[in-house]
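All heavy atoms count here, side chains included; hydrogens, waters and symmetry mates do not.
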There are 2 protein chains.
Amino acid sequence: MIRGATFPESGSKRRLLDAAEKLFAEKGFEAVSVRDITALAKTNVAAVNYHFGSREALLGMAMMRYMIPVTQERLARLESLEKKWSGKAAPLEEIIDALVRPLVSQVKKSELSERLFYKLIGRIFAQQADDLPAPIEEQLRHVIDRFMRAFAKALPTVSHEDLIWRMHFLAGGMIHMLTHQDMLNRLTSGSSGEPSMEVTLSRFIRFATAGLREGTSIEKPTKKGPQATFDF
Amino acid sequence: MIRGATFPESGSKRRLLDAAEKLFAEKGFEAVSVRDITALAKTNVAAVNYHFGSREALLGMAMMRYMIPVTQERLARLESLEKKWSGKAAPLEEIIDALVRPLVSQVKKSELSERLFYKLIGRIFAQQADDLPAPIEEQLRHVIDRFMRAFAKALPTVSHEDLIWRMHFLAGGMIHMLTHQDMLNRLTSGSSGEPSMEVTLSRFIRFATAGLREGTSIEKPTKKGPQATFDF
DNA sequence: GTCTATAAAGTGATAGAC
DNA sequence: GTCTATCACTTTATAGAC
């Protein structure tokens, strides 16, 4: 399902991908010019068009170089999880871990700094769906579909529609966690403690597990949420 | 604390703000030129510099025109909540509602389409903290501080650091909910049901309440999350 | 494959007429 | 306040030499 598209291991094409990735992460996709990229990659300005055809195509390739291994690791982790729990539903925490951890673990294989890596991922996910490159959209669709089935099995009493939305909220928290760690410190005068990513990840998994599970058990006697009018 | 800065109700300055807001929402902050804005506002190209001094300053003003009423409504709702529960901690659901609902309710006062309004808010929050206009950063800091205190009162057993991170995850889900409703439908072949915002909001509040509360009560016998090694 | 040179269009900002 | 004309750059993309 997920084709393995190969990427150059060296040469000017590789240097262009590296440079593009770094600059896109730092400044955002719109704010980087072909000249910025070729300057950092130490090639001539024509190289981008020669190797990729256009700036847009290079942008798509840089995204794909990330997302392909992330997608593959997600699916592999989920499969190995299902094998381990053969037939039975896997624990919710472990499914969420399989979805989130690859975004973190792929960082080690990158030559970008950790901070930049997360920014790049954040920028990819912050794109509107309709201007993601088609192959990336296809991958995300497949990942969502596979994980939805796993979640549905683990939470048989939650409706399909509820589950989709909860997974959506989870995705938002996940992206925010990766991309705005620095914002958190800035906006709270450094009281977030700057923990390791492993600690943050386990905090997130607890949060998301509780959120996904909410409403599963027989309706707790919660004080029936607001929704009412305020005297504002 | 939050100064009330006035914005023009008519005239070319107002038209420029309207046009900028619409285009920034549609295409993103980097992708809109002064000429795009003046064309839509039906002014000459010099008008932006005459009225605002620079493109950047106009961008900041457009953001502020949103965020000021949102911030004011958030603080007002929280205050009225605390008055209502005089002394006692307000229910978690109601605090979250006070934080999230203003982002939705301000849509009615806007002349943008609902879809565009949410996109604009998403773009503001997707900015890196260090390139938000200073007054906006100040407002966010104040809001976070006020709501953190309310959350801490409602969840006295959760550590300050845990709470900060859970609030951070909540913020991510909130932004994602507002800005990527269309993506959800696109990536799930429309099985999210396109519910009204009111329904989505109450789904989100349930999710976030559960996530924030997680771990409050005496450590549930959860199967101790993953964190372990995988055979991948 | 790599490069320079350049075309063609777009950019933010401003001077100066009205 | 509004406008046109224009400056001084930067942009993507490409032609054509090596």
Side-chain angles (χ1 to χ4, degrees), chain A residues 5-65 120 123 127-128 131-134, chain B residues 5-65 120 123-124 127-128 130-134:
Chain A
T6 56
F7 296 92
E9 309 242 328
S10 64
S12 65
K13 194 167 178 178
R14 158 70 187 268
R15 289 205 313 281
L16 285 169
L17 277 169
D18 289 344
E21 162 179 297
K22 178 162 189 221
L23 292 170
F24 286 142
E26 262 170 1
K27 304 165 191 272
F29 300 132
E30 317 268 8
V32 177
S33 72
V34 171
R35 289 174 145 75
D36 295 334
I37 297 167
T38 54
L40 183 60
K42 293 190 211 294
T43 68
N44 62 83
V45 281
V48 163
N49 282 276
Y50 177 76
H51 286 293
F52 300 95
S54 74
R55 180 188 173 283
E56 283 309 296
L58 168 55
L59 172 65
M61 285 286 266
M63 286 188 185
M64 287 296 278
R65 201 167 55 151
L120 183 60
R123 293 200 198 275
Q127 288 293 314
Q128 298 301 320
D131 49 39
L132 279 173
Chain B
T6 55
F7 296 92
E9 310 241 327
S10 63
S12 65
K13 193 168 178 179
R14 158 70 188 269
R15 290 205 311 282
L16 285 169
L17 277 169
D18 289 344
E21 162 180 297
K22 177 161 190 222
L23 292 170
F24 286 142
E26 263 170 2
K27 302 166 192 271
F29 300 132
E30 316 269 8
V32 177
S33 71
V34 171
R35 288 173 151 78
D36 295 334
I37 296 167
T38 55
L40 183 60
K42 292 192 213 293
T43 69
N44 61 85
V45 281
V48 163
N49 282 277
Y50 177 76
H51 285 293
F52 301 94
S54 73
R55 179 188 174 283
E56 284 308 296
L58 167 55
L59 172 65
M61 284 287 264
M63 285 188 186
M64 288 296 279
R65 200 168 53 154
L120 183 60
R123 294 202 197 274
I124 293 174
Q127 287 293 314
Q128 298 302 320
D130 54 308
D131 49 39
L132 279 173

Rounding to a whole Å, what distance do you find between I37(B):CD1 and dG10(C):P?
17 Å
Grab the CG-P distance between L23(A) and dT11(D) for me, whole Å please.
12 Å
Output a table of nitrogen or oxygen pairs between the protein and nucleotides 6-8 of chain D separated by less than 3.5 Å.
unit_1	atom_1	unit_2	atom_2	d
dT6(D)	O4	R35(B)	NH2	3.4

Side chains of P133(A) and M64(A): closer than 4.5 Å at any heavy-atom pair?
no
Nearest whole Å is fine: how far is dT6(C) P from N49(A) CG?
19 Å
For residues 20-31 of chain B, dump all side-chain donor-acceptor pairs below 3.5 Å to protein atoms at least two apart in sequence or in another chain.
unit_1	atom_1	unit_2	atom_2	d
E21(B)	OE1	R65(B)	NH2	2.8

How many whole angstroms separate atom CZ of R14(B) from atom P of dT2(D)?
15 Å
Go through it in stages, so that I can follow the logic: the residues are L132(B) and I124(B), the test is side chain to side chain contact (heavy atoms under 4.5 Å, CB included), and I'd like the CA-CA distance, side-chain angles, deciding distance and then a yes or no.
CA-CA 8 Å; L132(B) 279 173; I124(B) 293 174; 4.2 Å; yes
Considering only side-chain heavy atoms of N44(A), which listed nucleotide, dC3(C), dT2(D), dT11(D), is closest?
dC3(C)
If you measure from CE on M63(A) to CG on L17(A), what distance do you get to the nearest 0.5 Å?
13.0 Å
Figure out the NZ/P separation between K13(B) and dT2(D), and round it to whole Å.
11 Å
Of the residues in residues 51-59 of chain B, which ones touch DNA chain C at a heavy-atom distance under 4.0 Å?
S54(B), R55(B)
Are OP1 or OP2 of dT2(D) and a side-chain N or O of T43(B) less than 4.0 angstrom apart?
no
I'd like to check T38(B) versus L16(B) (side-chain heavy atoms, cut-off strictly below 4.5 Å). Are they in contact?
yes
Can you find a heavy atom in the side chain of L40(B) that is under 4.5 Å from one in the side chain of D18(B)?
no
Could you tell me whether the phosphate oxygens of dT10(D), OP1 or OP2, come under 4.0 Å of any side-chain nitrogen or oxygen in S33(A)?
no
Does anything in residues 37-62 of chain A pair up under ring pair (Phe, Tyr, Trp, His ring centres under 6.0 Å), and if so which pairs, sequence neighbours excluded?
none
Backbone N or O of A46(B) within a donor-acceptor pair of the N49(B) side chain at under 3.5 Å?
no
Here the helical stems involving DNA chain C, each at least 3 consecutive Watson-Crick or G-U pairs closer than 3.5 Å, sorted by first residue number, are C:1-18 with D:1-18
Residue pair R55(A) / V32(A): nearest heavy atoms and the distance that separates them:
NH2-O, 2.8 Å
To the nearest angstrom, the CD-C1' distance between E30(B) and dT11(D) comes to 15 Å
Which pairs, protein N/O on one side and nucleotides 15-18 of chain D N/O on the other, fall under 3.5 Å?
none

Measuring from atom CZ of R35(B) to atom CD1 of I37(B), what distance do you get when rounded to the nearest 0.5 angstrom?
12.0 Å
